[in-house]
Q: 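Just passing along the structure, written as structure tokens.
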Amino acid sequence: MRYSQLLAPTLREAPAEAQVASHVYLIRAGFIRKLAAGVYSLLPLGMRVVQKIERIVREELSRAGAQEVLLPMVHPAELWQESGRWQAYGPELLRIKDRKGAEFAMSPTAEEAIVDLVRRDVKSFRQLPLCLYQIQDKFRDEMRPRAGLMRGREFIMKDAYSFHTDDQDAAREYQNMFDAYSRIFSRCGLEFRAVEADTGAIGGNQSHEFQVLAASGEDAIVACDQCQYAANVEKAELRRPKVTTAAPVRALEEVHTPGVGSIEAVAGFLGEPLDKFVKTLLFVADGECVVALVRGDRDVNEVKLKAALGVTMLELATDRMVTDVTHAPVGFAGAQGLSIPVYADPEVAALAEGITGANKGDHHVRGFNLGRDVPHAKVVDLRTAAEGDPCARCEDGHYRAFRGIEVGHVFFLGTKYSAPMKCTFLDAQGKETVMPMGCYGIGITRIAAAAIEQNHDGDGIVWPMPIAPFQVEIVAAGKEPDVAETSGALYRELTAAGVDVLLDDRDERPGVKFKDADLIGIPVRVTVGKKGMAEGIVEVKRRRGGDMEKVKIADAAARVRALVAEGMSVGGGARA
RNA sequence: CGGGGCGUAGCGCAGCCUGGUAGCGCGUUCGGUUCGGGACCGAAAAGUCGGAGGUUCGAAUCCUCUCGCCCCGACCA
């Protein structure tokens, strides 16, 4: 490609709306332009990156035995009503009507569509297992799209769905996809980590997220410094405290705490540290009121609480409900004496004498002991894991905290969709059986953003070779005929050899070309200039911190091809 | 959905408080000089001031409503 023909409008200044590196550079370097909130057009450079990522995904999924299909993006409402998600999905599902008033959804994911396809034509165990995937635009009407391609409303996703005769085979495919994903992200040149993730109301513990490590990541993850355990903090298990049930030390004693409701305020008023307090929170879980207890210096992890309760809807109780249940204003609740279910974190059970609300305005109690005062409490892990916590899976490991960008998710679905939608087959005994399923997603456009978060400097993007829009950029630095001839010849030679080359043949000053080259981030840059011509050399430089090397014109193509080969073979850190 | 902020030329911004000819930088076009890290000089094109209504002799500026966008939070396969 000749730069003079390329639509790559670079900007000296970034639009005010861009906050994170990938967003700023994708716009400044002319990869994307915004059409609406969370909705972006891909320009030629952006399209090339997406195509490179897609190619890697297709190669690895094909190698893993999956077959590509293309499902519609517009789904009839009836399909979603059948699975129950027309109601359950909420406002994130963009609903539209056709001219006859019939309702449709813009697909945010395609379980219903794929199940409908498979149930029509797959009837025998002989046709299983089956793993089908598509690469397609998705639309999710996110409350808060942000950071360009990182969290858009419309985005490109690879979604795969597998169908099996039994759970064992589904588990095999889960591992198969896990391995394929590891290869895909490695080949994209990403430093990533597979972490255990929450499975929501679906159950089981078969879910992993693939997280690209980056400070700007939206997800918090922890990883053990000793063993292989790594998990999203929403899910991360915690080692049980050594003291599981502390013996009571003293009787409950009411103390007057006028006007101080929050834990911090009471702690300051009484001069006691936060970890001596018991935080009492009331939740409404599937319509029923429950109490959750964590230590004063901790927060309730609602994902864990939801999992412990086995409910789908969980929200903090209103002030009114708190008053009705505790007969005290918000801020003075205590679990003792309440007749509703109580769930307590192990750290609360380990407190011999805690301080908590007295269920009486302007009063707290000292000497709270869970075992004595709330004997019916269920002790379950309720708090979010943090840096430094002891690992739940090994003896002496501790957690280190990371930020991550979720670029992939593998999931064991079971029969969540296949059962209500009657996706069944006849097994070898002629018995009708529901197919267990798995689903596996990869955010294609998000990979592009994540790669930039992980690979950029103050001058611009530093693309990993495998997903760079071009592998090599030749900068023609000068107007002399021999500069044009040499750069043109090198361009033709490399292109003929199958290298993706961008030749900057624009009528611009060298400084402009260098700045644009750094901004766009092509991994290998060849400068053909007047001075070099006199010596019979060109300059070859890696975008990523490499020194400039002078290479004889005759050797230039070979040297560049070696650098390209080196860049294509370097895998990322597959440290699952 | 709650809190905060912003909509003025393609991009970045000033002007608004205190109403009176719409400005600056970058970019774009033309001419010239330059030519190895975003050149310089000269000329030019380009804006319904997000939209609607109101106040006023007069509104980018004041008031009301509305739409869009960004950030924080909540939420989230």
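Below, chains carry the letters A, B, ... as their sequence lines are ordered, and counting in each starts from 1.
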Q: Identify the nucleotide, in any strand shown, that forms a Watson-Crick or G-U wobble pair with B:G31, with both distances under 3.5 Å; if there is none, say none.
A: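 Per the H-bond distance test, B:C41.
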
Q: Give me the distance, rounded to whole Å, that separates B:A60 from B:U21 when you measure between the C1' atoms they each carry.
A: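 Rounded to whole Å, the distance is 14 Å.
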
Q: Could you work out the separation of B:C26 and B:G20 based on their C1' atoms and round it to a whole Å?
A: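 It works out to 31 Å between them.
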
Q: I'd like to know if A:Glu13 reaches the base of B:G27 with its side chain such that a donor and an acceptor end up less than 3.5 angstrom apart.
A: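 Donor-acceptor pair under 3.5 Å: no.
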
Q: Heavy atoms under 4.0 Å, any strand shown: does A:Lys34 hit a base, just sugar-phosphate, or nothing?
A: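 Sugar-phosphate, no base atom in range.
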
Q: Going by side chain to side chain contact (heavy atoms under 4.5 Å, CB included), A:Lys279 matches just one of A:Asp345, A:Val300, A:Val294. Which one?
A: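 Among A:Asp345, A:Val300, A:Val294, the one that satisfies the side chain to side chain contact (heavy atoms under 4.5 Å, CB included) with A:Lys279 is A:Val294.
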
Q: Please classify the nucleic acid contact of A:Glu406 as base, sugar-phosphate, or nothing, using heavy-atom distances under 4.0 Å.
A: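 Base, at least one base atom sits under 4.0 Å.
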
Q: Evaluate the criterion salt bridge (Lys or Arg N to Asp or Glu O under 4.0 Å) for residue pair A:Glu218 and A:Arg151; output intermediate values, then yes/no.
A: CA-CA 10 Å; A:Glu218 291 186 291; A:Arg151 190 175 199 76; 3.1 Å; yes

Q: Say we look at B:U56 and B:C63: how far apart would their C1' atoms be, to the nearest angstrom?
A: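 Comparing C1' positions in B:U56 and B:C63 gives a spacing of 12 Å.
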
Q: Can you tell me the distance, in whole Å, between the NE2 atom of A:His75 and the C1' atom of B:A77?
A: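 Checked: the NE2 to C1' distance equals 14 Å.
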
Q: Would you mind checking if A:Asp459 and A:Arg543 are paired as a salt bridge, meaning a charged N to carboxylate O distance below 4.0 Å?
A: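 No, A:Arg543 and A:Asp459 are not salt-bridged.
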
Q: Heavy atoms under 4.0 Å, any strand shown: does A:Asp159 hit a base, just sugar-phosphate, or nothing?
A: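 A:Asp159: no heavy atom of the nucleic acid under 4.0 Å.
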
Q: Quick one: label A:Glu142 by what it contacts on the DNA or RNA (base, sugar-phosphate, nothing), any heavy atom closer than 4.0 Å.
A: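 Contact class for A:Glu142: none.
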
Q: Scan A:Ala36 against the nucleic acid and name what it touches under 4.0 Å (heavy atoms): base, sugar-phosphate only, or nothing.
A: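 Sugar-phosphate only.
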
Q: B:U34 and B:C24: how far apart are their C1' atoms, nearest whole angstrom?
A: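 Comparing C1' positions in B:U34 and B:C24 gives a spacing of 26 Å.
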
Q: Kindly indicate whether the side chain of A:Arg151 and the base of B:C76 share any N or O donor-acceptor pair separated by less than 3.5 Å?
A: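 Indeed there is one.
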
Q: Both distances below 3.5 Å, Watson-Crick or wobble geometry, any strand: find the nucleotide opposite B:G73.
A: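 The base-pairing partner of B:G73, which may sit in any strand shown, is B:C1.
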
Q: If we take the P atom in both B:A52 and B:C70, what is their distance in whole Å?
A: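 B:A52 and B:C70 have their P atoms separated by 23 Å.
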
Q: Nearest of B:G12, B:C72, B:G37 to any side-chain atom of A:Ala16?
A: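 Selected nucleotide: B:G12.
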
Q: Using a heavy-atom cut-off of under 4.0 Å over every strand shown, decide if A:Glu480 touches base, sugar-phosphate, or nothing.
A: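 Touches nothing.
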
Q: Which nucleotide sits closest to the side chain of A:Arg85: B:C11, B:C35, B:A77?
A: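 When the side chain of A:Arg85 is considered, B:A77 is the closest of B:C11, B:C35, B:A77.
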
Q: Can you check the A:Arg506 CZ to B:G36 C1' distance for me, whole Å?
A: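 About 15 Å, once rounded to whole Å.
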
Q: Does the structure show a Watson-Crick or G-U wobble partner for B:C24, both distances under 3.5 Å? Name it, or say none.
A: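 Here B:C24 is engaged in a pair, and the nucleotide opposite it is B:G12.
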
Q: Quick check on RNA chain B: between A:Pro15 and A:Thr527, whose nearest nucleotide comes earlier from the 5' end?
A: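 On the 5' side of the pair lies A:Pro15.
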
Q: Between B:U8 and B:G23, how far apart are the C1' atoms? Round to whole Å, please.
A: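 Here B:G23 and B:U8 have their C1' atoms 10 Å from each other.
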
Q: Please state whether the base of B:G36 and the side chain of A:Glu539 form at least one donor-acceptor pair under 3.5 Å?
A: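 Yes.
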
Q: Can you tell me the base-pairing partner of B:C65? Count Watson-Crick or G-U wobble geometry only, both distances below 3.5 Å, and say none if there is no partner.
A: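 Its partner is B:G51 (Watson-Crick or G-U wobble, both distances under 3.5 Å).
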
Q: Taking atom P of B:C76 as reference, at what distance in whole Å does atom CD of A:Glu218 sit?
A: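 About 14 Å, once rounded to whole Å.
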
Q: Could you tell me whether A:Glu54 and A:Arg58 have a side-chain N and a carboxylate O separated by less than 4.0 Å?
A: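 Result for this pair is yes, salt bridge flagged.
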
Q: CD of A:Glu209 versus C1' of B:C76: gap in Å, rounded?
A: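 One finds 12 Å between C1' of B:C76 and CD of A:Glu209, rounded.
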
Q: Can you measure A:Arg140 atom CZ to B:C75 atom P for me and round it to whole angstrom units?
A: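 Taking atom P of B:C75 as the reference, CZ of A:Arg140 is at 18 Å.
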
Q: Would you call A:Asp507 and A:Lys479 a salt bridge, using N to O less than 4.0 angstrom?
A: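 Yes, this pair counts.
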
Q: Between B:U28 and B:C11, how many Å separate the two C1' atoms, rounded to a whole number?
A: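 To the nearest whole Å, 12 Å.
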
Q: Ignoring backbone atoms, establish whether A:Arg12 has a side-chain N or O less than 4.0 Å from OP1 or OP2 of B:C26.
A: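 Indeed not, no polar side-chain atom of A:Arg12 lies that close.
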
Q: Before accepting this row, confirm whether a basic side-chain N of the pair A:Arg542/A:Asp547 lies closer than 4.0 Å to the acidic partner's carboxylate O.
A: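 Here A:Arg542 does not pair with A:Asp547 in a salt bridge, since their nearest N and O are not under 4.0 Å apart.
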
Q: Find the partner of B:A46: check Watson-Crick (N1-N3 plus N6-O4 or O6-N4) and G-U wobble (N1-O2, O6-N3) distances, both under 3.5 Å, and reply none if neither fits.
A: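 B:A46 is unpaired by these criteria.
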
Q: When you match A:Gln19 and A:Gly532 each to their closest nucleotide on RNA chain B, which lands nearer the 5' end?
A: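 Residue closer to the 5' terminus by nearest nucleotide: A:Gly532.
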
Q: Of all the nucleotides listed (B:A77, B:G37, B:G36), which has the minimum atom distance to the side chain of A:Tyr89?
A: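 Selected nucleotide: B:A77.
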
Q: Would you kindly check if the NZ (Lys) or CZ (Arg) of A:Arg95 is within the cone defined by 45 degrees around the ring axis of A:Trp86 and under 6.0 Å from the six-membered ring centre?
A: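 The answer is yes, since A:Arg95 meets both limits relative to A:Trp86.
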
Q: I need the CZ-C1' distance between A:Arg144 and B:G73, as an integer number of Å.
A: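 In whole Å, B:G73 C1' and A:Arg144 CZ are 8 Å from each other.
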
Q: In the structure shown, which nucleotide is the Watson-Crick or G-U wobble counterpart of B:A60, with both distances under 3.5 Å?
A: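 By the stated definition (distances under 3.5 Å), nothing pairs with B:A60.
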
Q: Is it true that A:Glu473 and A:Lys513 have a side-chain N and a carboxylate O under 4.0 angstrom from each other?
A: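 Result for this pair is no, no salt bridge flagged.
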
Q: Give the rounded distance in Å between these two atoms: NZ of A:Lys515 and P of B:C35.
A: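 Distance check: A:Lys515 NZ to B:C35 P gives 20 Å.
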
Q: Starting from C1' on B:G27, measure out to CD1 on A:Ile27 and report it in whole angstrom.
A: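 To the nearest whole Å, that distance equals 16 Å.
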
Q: What integer number of Å spans the P atoms of B:G51 and B:A59?
A: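 Those two atoms are separated by 14 Å.
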
